[in-house]
Protein chains: 2
Amino acid sequence: MASAFLRKLVSAGESRNALPAEDRDLVLSVCDDVRPCGARRDIISEGDRPDYVHLMIEGWSCRYKILPDGSRQITAFLVPGDFCDVHVTLFDQMDHNIGALSDSRVAFISRARMSRLMERPRIARALWWSGLVDEAVLRSWIVNLGRRDAFERVGHLICEMHARLRNVGLAQDGAFTMPLTQEELGDATGLTPVHVNRTLRRLREEQLATFNRQRIFIPDVGILREAVSFDPNYLHLPSQV
Amino acid sequence: MASAFLRKLVSAGESRNALPAEDRDLVLSVCDDVRPCGARRDIISEGDRPDYVHLMIEGWSCRYKILPDGSRQITAFLVPGDFCDVHVTLFDQMDHNIGALSDSRVAFISRARMSRLMERPRIARALWWSGLVDEAVLRSWIVNLGRRDAFERVGHLICEMHARLRNVGLAQDGAFTMPLTQEELGDATGLTPVHVNRTLRRLREEQLATFNRQRIFIPDVGILREAVSFDPNYLHLPSQV
DNA sequence: CGGAAGATTGAGAGTTCTCAATGCCTGTGG
DNA sequence: CCACAGGCATTGAGAACTCTCAATCTTCCG
């Protein structure tokens, strides 16, 4: 049920040993309130002061902001094992939205339970760690948007999601499910859907990656990474492969 | 000496009362190892495993990454009161660089002292809070780069730095010192220096802001904010003005 | 005074966007 | 089982924004 989350906890930090059984049990018991969220529905909206912390169990969601002119910028993708809002507990209100991209299942964790979770040093440390990774991902997106062209941006995003999903057991060697439309891809990469389409065509033509019916195929991960200059070090993953 | 830092601590959080005297004294004593850093010198480099946490006391620095083609992307500006690397203590190594932009003074804080600081609930909470703000700023930069044109990007950055500097007492009503070249502005906004120049000209012609010899003047902050759709809520500042 | 870094401007090239049309796939209703 | 509607993907063509290259000007400093 919360297996992606467990995998993520284990991979976060230098000591890559399995979690103590009691930690494991606590995690599982704390994730017993799982609720479905339909695609395109908001999990949390700007201005909310949520009572629960939300953890992705299944499906993808995203952080996003809507601009005055109606355009949207996605600032992060959240996949199983990712927390939506550990941080916001401190703020008076959310300063951005989180919306489900596909039909998802989300664990609702009360503050009390969250505190109990944070009392375990191993878990607290792993959560702290993955918060830092989230921040590193934000920086890498800034680099992407600021200094790379459409081709590298889209390729880079594909590489990142592949690496992150592998880490929680949701990607095979060079294939994974990406439940996004080309428009959503554009909202994340700062491109128009039309240009995303042309970019995906180029990736396909150069046999670097294909995107068809929500499935990504990467013939050779090493070659794609090379082509778009993707270096996974910022994700601070175990194997770095 | 660490007055910007103190101001920032006070402003971070809902309770905007002055810091208890003992907290104040601790902060001051912990910031007694202040070292100069010349402009354009790195404070910390990618791959480092720093022994100290670094706190900006005077001057500006920036986080940045160099890409394979030699271009640079700045992912954050650090001004007095900002920590450079609270977070990295957990990671094995820095995944980006921090470089001084102007002649600066930086406090070196050992891990032991840092722990002592974090034992004070009020301070720990304020640091946690400002870490969250840093993250919100990263998201806002992503929105900036992804969905705004050059004019809004530069204007938005000016508004942000103005608000942040006001918060620590380093900006007047509509004026502050910004020790950047147009090239550095471009590295932060994802533009070329040439285009930054044209953009600044437009801001000047429309009487929204001028940038001359490292001084920014904003005739009317409200009008500028309106023109570039800047909403300071993501900074979670006290007055929001 | 001379040199170097940074700012400014012009002109042409390139990437990405906008607008618009067409094609494809899926689910629904007859 | 088929027709149709709606959402999404795909393609074309011209416009817009930003970049590149290159020259000139200004400021700062030894």
Side-chain angles (χ1 to χ4, degrees), chain A residues 38-41 60 67 69-73 101-103 144-158 177-206 209-217 228, chain B residues 38-41 60 67 69-74 100-103 144-158 177-206 209-217 228:
Chain A
R40 270 143 237 253
R41 291 216 28 235
W60 286 35
L67 278 79
D69 69 352
S71 63
R72 174 170 79 160
Q73 176 67 42
L101 292 162
S102 58
D103 286 332
N144 226 15
L145 290 165
R147 287 296 179 220
R148 290 198 246 259
D149 63 18
F151 181 72
E152 288 187 316
R153 270 188 231 177
V154 174
H156 208 271
L157 181 62
I158 290 173
T177 297
M178 184 165 80
L180 302 179
T181 64
Q182 295 183 0
E183 179 163 13
E184 288 159 345
L185 216 41
D187 287 344
T189 51
L191 301 169
T192 56
V194 173
H195 203 62
V196 168
N197 184 286
R198 297 192 221 274
T199 305
L200 287 171
R201 176 171 59 182
R202 197 177 141 205
L203 282 166
R204 194 187 323 127
E205 284 168 355
E206 302 196 8
T210 64
F211 180 40
N212 207 317
R213 295 147 171 265
Q214 312 203 326
R215 273 308 272 178
I216 293 271
F217 284 103
V228 302
Chain B
R40 270 139 237 252
R41 293 217 26 236
W60 286 35
L67 279 79
D69 70 351
S71 63
R72 174 170 79 159
Q73 176 67 42
I74 291 175
L101 291 162
S102 58
D103 287 331
N144 226 15
L145 290 166
R147 287 293 178 223
R148 290 199 246 259
D149 63 17
F151 181 72
E152 287 187 316
R153 271 189 231 175
V154 174
H156 208 271
L157 182 61
I158 290 173
T177 297
M178 185 165 80
L180 302 178
T181 65
Q182 295 185 356
E183 178 162 14
E184 288 159 345
L185 256 182
D187 287 343
T189 51
L191 302 169
T192 56
V194 173
H195 203 62
V196 168
N197 184 286
R198 296 192 222 272
T199 305
L200 288 172
R201 176 172 58 183
R202 196 177 141 206
L203 281 166
R204 193 187 323 126
E205 285 168 355
E206 303 196 7
T210 64
F211 180 40
N212 207 316
R213 292 139 173 270
Q214 314 203 324
R215 272 309 269 180
I216 294 271
F217 284 102
V228 302

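To find a chain, count down the sequence lines: A is the first, B the second, and so on, and within it residues start at 1.
Closest non-hydrogen pair, Ala188(A) versus Leu157(A), comes out as CB-CD2, 4.3 Å. Taking both residues in full, the closest heavy atoms of Arg204(A) and Thr210(A) are given as CG-CG2, 3.8 Å, listed atom of the first, atom of the second, then distance.
Arg148(A) contributes no side-chain N or O that, together with a main-chain N or O of Arg153(A), makes up a donor-acceptor pair within less than 3.5 Å. In terms of modelled atom types and a separation under 3.5 Å, the side chain of Asp103(B) and the main chain of Gly38(B) share no donor-acceptor contact.
Between the P atom of dA7(C) and the CZ atom of Arg204(B) lies a distance of 12 Å, rounded to the nearest Å. Between Glu152(B) atom CD and dT18(D) atom P there is a gap of 10 Å when expressed in whole angstrom units. Taking atom CD of Gln214(A) as the reference point, atom P of dC8(D) lies 10 Å away to the nearest angstrom. At whole-Å resolution of the value, CG in Leu180(A) and C1' in dA9(D) are 15 Å apart.
A close approach under 4.0 Å does occur between a side-chain nitrogen or oxygen of Asn197(B) and OP1 or OP2 of dT8(C). A close approach under 4.0 Å does not occur between any side-chain nitrogen or oxygen of Arg201(B) and OP1 or OP2 of dT8(C).
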Legend entry - Stepwise side chain to side chain contact (heavy atoms under 4.5 Å, CB included) check, Met178(B) with Trp60(B): CA-CA 8 Å; Met178(B) 185 165 80; Trp60(B) 286 35; 3.5 Å; yes
Inset, instruction - Apply side chain to side chain contact (heavy atoms under 4.5 Å, CB included) to Arg147(B) and Asp187(A), showing your working. - result: CA-CA 8 Å; Arg147(B) 287 293 178 223; Asp187(A) 287 344; 2.8 Å; yes
Inset, instruction - I would like to know whether Ile158(B) and Val228(B) meet side chain to side chain contact (heavy atoms under 4.5 Å, CB included); could you show each step before the answer? - result: CA-CA 10 Å; Ile158(B) 290 173; Val228(B) 302; over 6 Å; no
Inset, instruction - Assign a letter to each nucleotide of nucleotides 14-19 of chain C from its 5' end: B, base within under 4.0 Å of a protein heavy atom; S, sugar-phosphate only; -, no contact. - result: --SSBB
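Applying the side-chain contact (heavy atoms from CB on, under 4.5 Å) test between Phe151(A) and each of Glu206(A), His156(A), Arg198(A) identifies Glu206(A) as the sole match.
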For nucleotides 24-29 of chain D, print each protein N/O atom paired with a nucleotide N/O atom at under 3.5 Å, atom names and distance only.
{"residue": "dC28(D)", "atom": "OP1", "partner": "Arg213(B)", "partner atom": "NH1", "Å": "3.0"}

Could you write out each protein N or O paired with an N or O of nucleotides 3-6 of chain C at a distance under 3.5 Å?
{"residue": "dG6(C)", "atom": "OP1", "partner": "Arg40(B)", "partner atom": "NH1", "Å": "2.9"}
{"residue": "dG6(C)", "atom": "OP1", "partner": "Arg40(B)", "partner atom": "NH2", "Å": "3.4"}

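The environment of CZ in Arg215(A) is crowded: more than 12 heavy-atom neighbours from other residues, nucleotides or ligands sit within 6.0 Å.
Within the 4.5 Å cutoff, no side-chain heavy atoms of Thr189(A) are placed close to those of Thr199(A). The shortest side-chain heavy-atom distance between Leu185(A) and Leu200(A) falls under the 4.5 Å cut-off.
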